[in-house]
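Shown next, in structure tokens, is the structure this report addresses.
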Amino acid sequence: MREILFLTPVCMHNIWGGSKLREEFGYQVEGNDVGECWGISAHPEGDGTVRDGIYKGKKLSEMWREHPEMFGNLQYDRYPLLTKIIDAQDDLSIQVHPDDAYAMEKENGSLGKTECWYIMDCPEGATLVIGHNARTEEELKTMVAEGKWKELIREVPIHRGDFIQIDPGTVHAIKAHTLILETQQNSAITYRLYDYGRLQNGKERELHIDKSLDVITVPAKGMEDCMKSTDSLPENRLNLMYACEKYNVFKLDVRGSASLKQEYPFLAASVLEGAGYVDGKAVHKGDHFILSAGYGNANLTGDMSLILSTVAGAGNR
């Protein structure tokens, strides 16, 4: 089956959002607090819609239920991934995510949240929060209780093109003026550890200290285990950036023409910059689409950069 599902994404309003997703990517959403574009999502809080073709108007969750053959007949009980673009115009809260087992038990059967970031843009000298400096669980609890956030939080320098893997239990936060492409499990479970005392509608946002302390990994992984640069990847080929049990994530820079072999259960793609064609269909910055199972070879032409993702074949319920 040679089907390309182009999706109309769902945009989210956030206290730390801005206007870049509308102005630079052309998403039709009002307001200057737009923080996230859920580009490829079948989550109840943001379910993308097929934009055109014979399935026009169908939700991605419907496609998953009604046409499993288009996704390799995977045995997952839901579309397993969520791809989003995040535009942070202010610092995000410092947070942590649970794994599947903890989320299943504590969050009404939700998936946990393994995720990764590709840095699309950031200012000179930019940083992110990845990890922490506590050596033991006791030290972690004490530093949190005493509000020693500067000593606790590990801030690391970042550059355009960096790739960062964030396992469950990793303390993390995006800082202001950073634009990222996030690939994650299909989950919206986030535990907020610290929010800088900000007010929303006159109140501080809810924190989840106890659950955060339950799931934070101590000691934190070293940065060499979760961060790498993608600057030197070859053009016109599918480059695997990271593979784990939850997803495989690739980068593809098309300069002229590239042939892409779609041999996965599905291949979800987001155009980060530039424009071109996929088998004669025009695509440009901000487009999101899925190449269905059995698609075979796709011919891409133009000048554009894409991040793509899929899952391993077996799946789980």
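In this structure, the separation between CG on Asp99 and OG on Ser187 is 11.0 Å, given to the nearest 0.5 Å. Remark: Thr170 OG1 to Arg154 CZ distance equals 8.5 Å, nearest 0.5 Å. If you take CD1 on Ile86 and CD1 on Ile174, they are separated by 4.0 Å, rounding to the nearest 0.5 Å. The CG atom of Leu240 lies 13.5 Å from the NZ atom of Lys251; values are rounded to the nearest 0.5 Å. For the atom pair Leu82 CG and Lys113 NZ, the distance stands at 8.0 Å (nearest 0.5 Å). Residue Ser305 holds its OG atom at 8.5 Å from CD of Glu235, rounded to the nearest 0.5 Å.
Tracing side-chain contacts under 4.5 Å through hydrophobic residues (I, L, V, M, F, W, Y), one reaches Leu92 starting from Trp117; they form part of the same cluster. Follow the hydrophobic side-chain contacts under 4.5 Å out from Leu111 and you never reach Ile166; the two are in separate clusters. Cluster annotation: Ile130 and Trp149 are assigned to distinct hydrophobic clusters (Ile/Leu/Val/Met/Phe/Trp/Tyr, side-chain heavy-atom contacts under 4.5 Å, transitive). Both Val215 and Val144 are members of a single hydrophobic cluster when ILVMFWY side chains are connected at heavy-atom separations under 4.5 Å. Criterion: ILVMFWY side-chain heavy atoms under 4.5 Å apart, direct or through other members. Under it, Leu81 and Met63 are part of a common hydrophobic cluster.
When side chains are defined from C-beta on, Leu152 does not count as touching Asn133, because their heavy atoms never get closer than 4.5 Å. The shortest distance between side-chain heavy atoms of Tyr247 and Cys116 falls below 4.5 Å. Using a 4.5 Å heavy-atom cutoff, the side chains of Pro80 and Asn186 are not in contact. When side chains are defined from C-beta on, His132 does not count as touching Met143, because their heavy atoms never get closer than 4.5 Å. With contacts defined as side-chain heavy-atom distances shorter than 4.5 Å, the pair Ile180/Leu128 does not qualify. The closest side-chain heavy-atom distance from Asp90 to Ile15 is not below 4.5 Å. Taking 4.5 Å as the limit, some side-chain heavy atom of Ile164 sits within range of a side-chain heavy atom of Ile158. In this structure, Leu5 and Met70 have side chains that are in contact, with non-hydrogen atoms separated by less than 4.5 Å.
A salt bridge does not link Asp162 with Lys228: none of the charged nitrogens is closer than 4.0 Å to a carboxylate oxygen. Between Asp279 and Arg2 there is a salt bridge, since at least one side-chain N of the basic residue sits less than 4.0 Å from a carboxylate O of the acidic one. A salt bridge links Asp287 and Arg51; the closest N-O separation between the charged side-chain nitrogens and carboxylate oxygens is under 4.0 Å. Note on Glu107 versus Lys211: salt bridge recorded, some NZ/NE/NH1/NH2 to OD/OE distance being below 4.0 Å. Of the charged side-chain nitrogens involved, at least one lies within less than 4.0 Å of a carboxylate oxygen, so that Arg205 and Asp195 count as a salt-bridged pair. Look at Arg198 and Asp91 and you find no salt bridge, because none of the NZ, NE, NH1 or NH2 atoms lies under 4.0 Å from a carboxylate O.
Of all the heavy atoms in Gly274 and Val271, the pair that sits closest is O-CG1, 4.0 Å. For the residue pair Thr230 and Gly161, the shortest heavy atom distance occurs at OG1-O, 2.6 Å. Val10 and Met12 get closest at one heavy-atom pair: CG1-CE, 3.9 Å. When every heavy atom of His288 is checked against every heavy atom of Ile40, the shortest pair comes out as CB-CG1, 3.7 Å. Scanning both residues, Leu7 and Gly39, for their nearest heavy atoms gives CB-O, 3.9 Å. Pairing each heavy atom of Val156 with each of Met223, the nearest pair is CG1-CG, 3.8 Å.
By the salt bridge (Lys or Arg N to Asp or Glu O under 4.0 Å) test, Lys58 pairs with Glu66, sequence neighbours left out. Checked against salt bridge (Lys or Arg N to Asp or Glu O under 4.0 Å), Glu273 has the following partners two or more places apart in sequence or in another chain: Arg160. Applying the side chain to side chain donor-acceptor pair (under 3.5 Å) rule to Trp38 yields the partners Glu36; only residues at least two apart in sequence or on another chain are considered.
A donor-acceptor contact under 3.5 angstrom links the side chains of Ser93 and Gln95, judged on distance only.
The neighbour count for Tyr277 OH, taken as heavy atoms of other residues, nucleotides or ligands under 6.0 Å away, does not exceed 12. The environment of Lys59 atom NZ is dense: over 12 non-hydrogen atoms of other residues, nucleotides or ligands sit within 6.0 angstrom. For CG of Asn108, the number of neighbouring non-hydrogen atoms (other residues, nucleotides, ligands) closer than 6.0 Å is 12 at most.
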Please lay out, stage by stage, how Met241 and Ile307 fare under the test side chain to side chain contact (heavy atoms under 4.5 Å, CB included). CA-CA 10 Å; Met241 292 195 297; Ile307 297 288; 3.6 Å; yes
Where do Leu308 and Leu291 land on the side chain to side chain contact (heavy atoms under 4.5 Å, CB included) test, with the steps shown first? CA-CA 10 Å; Leu308 306 96; Leu291 298 178; 5.7 Å; no
For side chain to side chain contact (heavy atoms under 4.5 Å, CB included), just list the numbers for Arg22 and Tyr27, CA-CA rounded to whole Å, side-chain angles, deciding distance to a tenth of an Å, and then say yes or no. CA-CA 5 Å; Arg22 178 179 64 254; Tyr27 299 131; 5.5 Å; no
Stepwise, does the side chain to side chain contact (heavy atoms under 4.5 Å, CB included) test hold for Ile216 with Leu193? CA-CA 10 Å; Ile216 291 173; Leu193 181 64; 4.1 Å; yes
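In this structure, the ring of Phe289 has its center less than 6.0 angstrom from the ring center of Phe6.
Side-chain atoms of Asn239 come within 3.5 Å of backbone N or O of Arg237 as a donor-acceptor pair. The backbone N or O of Cys122 lies less than 3.5 Å from no partner atom in the side chain of His159, so there is not a single donor-acceptor pair. A donor-acceptor contact shorter than 3.5 Å links the side chain of His97 to the backbone of Ile189. For the pair Gln165 (side chain) and Asp225 (backbone), a donor-acceptor distance under 3.5 Å is absent. The closest donor-acceptor contact from the side chain of Asn236 to the backbone of Arg255 lies under 3.5 Å. The backbone N or O of Gly46 lies less than 3.5 Å from a partner atom in the side chain of Ser41, making a donor-acceptor pair.
Trp64 and Phe71 have tilted rings, their planes meeting at an angle from 30° to 60° on a 0 to 90° scale.
Note that Lys20 lies outside the cation-pi zone of Phe25, set by a 6.0 Å cut-off to the ring centre and a 45° limit from the axis.
With Phe266 as reference, Tyr79 is the one residue of Tyr79, Tyr76, Tyr295 to meet the ring pair (Phe, Tyr, Trp, His ring centres under 6.0 Å) rule. Exactly one residue among Leu233, Thr183, Leu267, Leu260 makes a side-chain contact (heavy atoms from CB on, under 4.5 Å) with Phe250. That residue is Leu267.
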